[in-house]
Amino acid sequence: MQTQVILMRPNVDLEELYLSFYKEWKESGEDMIPWVIGRDPSNFAAMVQYLRDNEHTVNIPEGWVPSTTYWLVTADVTSIVGAVNIRHRLNEKLLHSGGHIGYGIRPSARQKGFASALLGQALHKTKELGIERALVVCDAINIASEKTIRKNGGVEDISYVEEDGNVIHRFWIET
């Protein structure tokens, strides 16, 4: 049976679960996606506040857009299995290679349907922000992510080639 999961806003009560999530990802040596999970959690309360501030456009860097972060938590609140960062609007960079939604699943929780659940729930949150068409992107070599995006209604648009030659597949999803 599939483990039930819910999106939760980051909060200090989930510190132990988040640190386990973060440590596993760091030890894997993989890129930390979405970008927000790369934030140093050693001052956990400050990190959570930083994420909340991003949502309200407080102290965000020039050229950045507001974003909301959620953690994908098992319904029994015993594990954080993923994270998603929803950008409230697109700038030029996000239009090409970032999209509205960036998401990731911790290495030990992959290939269990969590990515599809995460993206599906994130699309509902995106709609609540008034975004009717969400752009979701993945590297061309990330076949699993492409399958997840297509499963959630992604319609492929023109790919984008980054300066280093990396190809980004771009998909639009009606929310």
Side-chain angles (χ1 to χ4, degrees), residues 2 4-14 17-18 21 31-39 45-75 77 80-106 109 113-140 142 144-160 162 167-175:
Q2 172 69 36
Q4 295 298 308
V5 287
I6 55 173
L7 288 180
M8 294 181 73
R9 282 204 164 92
N11 72 71
V12 293
D13 295 337
L14 298 176
L17 298 181
Y18 185 82
F21 168 84
D31 290 343
M32 299 188 83
I33 298 171
W35 69 272
V36 292
I37 67 170
R39 297 284 304 182
M47 184 200 73
V48 168
Q49 187 60 53
Y50 171 82
L51 297 175
R52 289 182 182 160
D53 287 350
N54 275 330
E55 184 174 351
H56 302 289
T57 321
V58 176
N59 298 322
I60 64 173
E62 174 120 6
W64 287 46
V65 301
S67 64
T68 303
T69 298
Y70 294 93
W71 295 335
L72 188 68
V73 181
T74 54
V77 194
I80 294 175
V81 295
V84 62
N85 181 252
I86 302 170
R87 276 73 79 168
H88 299 187
R89 62 179 181 271
L90 299 177
N91 59 22
E92 192 69 23
K93 181 181 183 333
L94 293 173
L95 181 61
H96 295 300
S97 62
H100 285 103
I101 300 171
Y103 64 94
I105 300 296
R106 75 189 295 167
F114 292 127
S116 288
L118 176 91
L119 183 54
Q121 290 183 40
L123 287 164
H124 290 291
K125 300 293 186 185
T126 304
K127 184 174 187 157
E128 290 172 7
L129 289 168
I131 299 167
E132 295 177 6
R133 286 180 69 223
L135 178 64
V136 186
V137 306
C138 66
D139 289 346
N142 191 341
S145 190
E146 182 172 333
K147 286 180 180 177
T148 297
I149 295 166
R150 288 182 185 279
K151 183 177 180 179
N152 276 277
V155 176
E156 193 165 3
D157 197 351
I158 298 168
S159 294
Y160 178 77
E162 296 179 308
V167 177
I168 304 289
H169 285 184
R170 301 167 62 251
F171 300 86
W172 291 96
I173 303 175
E174 300 292 328
T175 61

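Note: hydrogens, waters and symmetry copies are ignored here, and every other heavy atom, side chains too, is used. Keep in mind it's a predicted model, so treat the numbers as computed, not measured.
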Please state whether the rings of Tyr18 and Phe21 are parallel, tilted or perpendicular, taking 30° and 60° as the class boundaries.
-> tilted

To the nearest 0.5 Å, tell me how far Ser116 OG sits from Lys151 NZ.
-> 4.0 Å

When every non-hydrogen atom of Val12 is compared with those of Ala45, the smallest separation belongs to CG1-CA, 3.8 Å

Validation row: Arg150, Thr148 side chains within 4.5 angstrom (heavy atoms) | no

Verify whether one side chain among Asn85 and Arg87 offers a donor that lies under 3.5 Å from an acceptor in the other.
-> yes

Shortest non-hydrogen separation from Arg170 to Ser159 and the atoms involved = CD-C, 4.3 Å

Cation-pi geometry met for Arg39 and Tyr50 (6.0 Å, 45°) = yes

In Å and rounded to the nearest 0.5 Å, what is the NZ to CG distance from Lys147 to Asn152?
-> 14.5 Å

Starting at CZ of Arg133, measure out to OG1 of Thr175 and round the result to the nearest 0.5 Å.
-> 10.0 Å

Can you tell me how far CH2 of Trp71 sits from CE of Met8, rounded to the nearest 0.5 angstrom?
-> 9.0 Å

Taking it one step at a time, do Gln49 and Asp53 satisfy side-chain hydrogen bond (donor to acceptor under 3.5 Å, both in side chains)?
-> CA-CA 6 Å; Gln49 187 60 53; Asp53 287 350; 2.8 Å; yes

Gap between atom CG of Leu118 and atom OH of Tyr70 - 0.5 Å precision = 11.5 Å

Residue pair Val77 / Leu14, side-chain heavy-atom distance below 4.5 Å | yes

Report the C-alpha distance between Val73 and Val5 in whole Å, list the side-chain angles of each, state the deciding distance to 0.1 Å, and finish with yes or no for side-chain contact (heavy atoms from CB on, under 4.5 Å).
-> CA-CA 5 Å; Val73 181; Val5 287; over 6 Å; no

Can you give the donor-acceptor pairs under 3.5 Å from side chains of residues 92-104 to other protein atoms, not counting sequence neighbours?
| residue | atom | partner | partner atom | Å |
| --- | --- | --- | --- | --- |
| Glu92 | OE2 | His96 | NE2 | 2.9 |
| Ser97 | OG | Lys93 | O | 3.4 |
| His100 | ND1 | Leu135 | N | 2.9 |
| Tyr103 | OH | Ser145 | OG | 2.9 |

Test side-chain contact (heavy atoms from CB on, under 4.5 Å) on Cys138 and Ile149 and set out the steps.
-> CA-CA 9 Å; Cys138 66; Ile149 295 166; 4.0 Å; yes

Separation between CZ of Phe171 and CD of Glu146, rounded to the nearest 0.5 Å | 4.0 Å

Hey, are the side chains of Asp157 and Val155 touching, using non-hydrogen atoms and a 4.5 Å cut-off?
-> no

Is Asn91 reaching over with its side chain to a backbone N or O of Trp64, donor-acceptor style, under 3.5 angstrom?
-> no

Hey, does Val65 have a side-chain heavy atom less than 4.5 Å from the side chain of Leu90?
-> no

All heavy atoms of Pro10 vs all of Leu51, minimum pair found to be CG-CD1, 3.7 Å

Check whether any side-chain heavy atom of Asn54 sits under 4.5 Å from a side-chain heavy atom of Thr69, and report yes or no.
-> no

Would you kindly say whether His88 and Ser67 are connected by a side-chain donor-acceptor distance under 3.5 Å?
-> no

Minimum heavy-atom distance Ala122-Leu7, with the two atoms named = N-CD1, 3.8 Å

Is the shortest heavy-atom distance from the side chain of Val84 to the side chain of Leu72 under 4.5 Å?
-> no

Heavy-atom distance under 4.5 Å between the side chains of Ile86 and Leu129, does that happen here?
-> yes

Residue pairs passing the salt bridge (charged side-chain N to carboxylate O under 4.0 Å, His left out) test with at least one member in residues 119-132, sequence neighbours excluded, are none

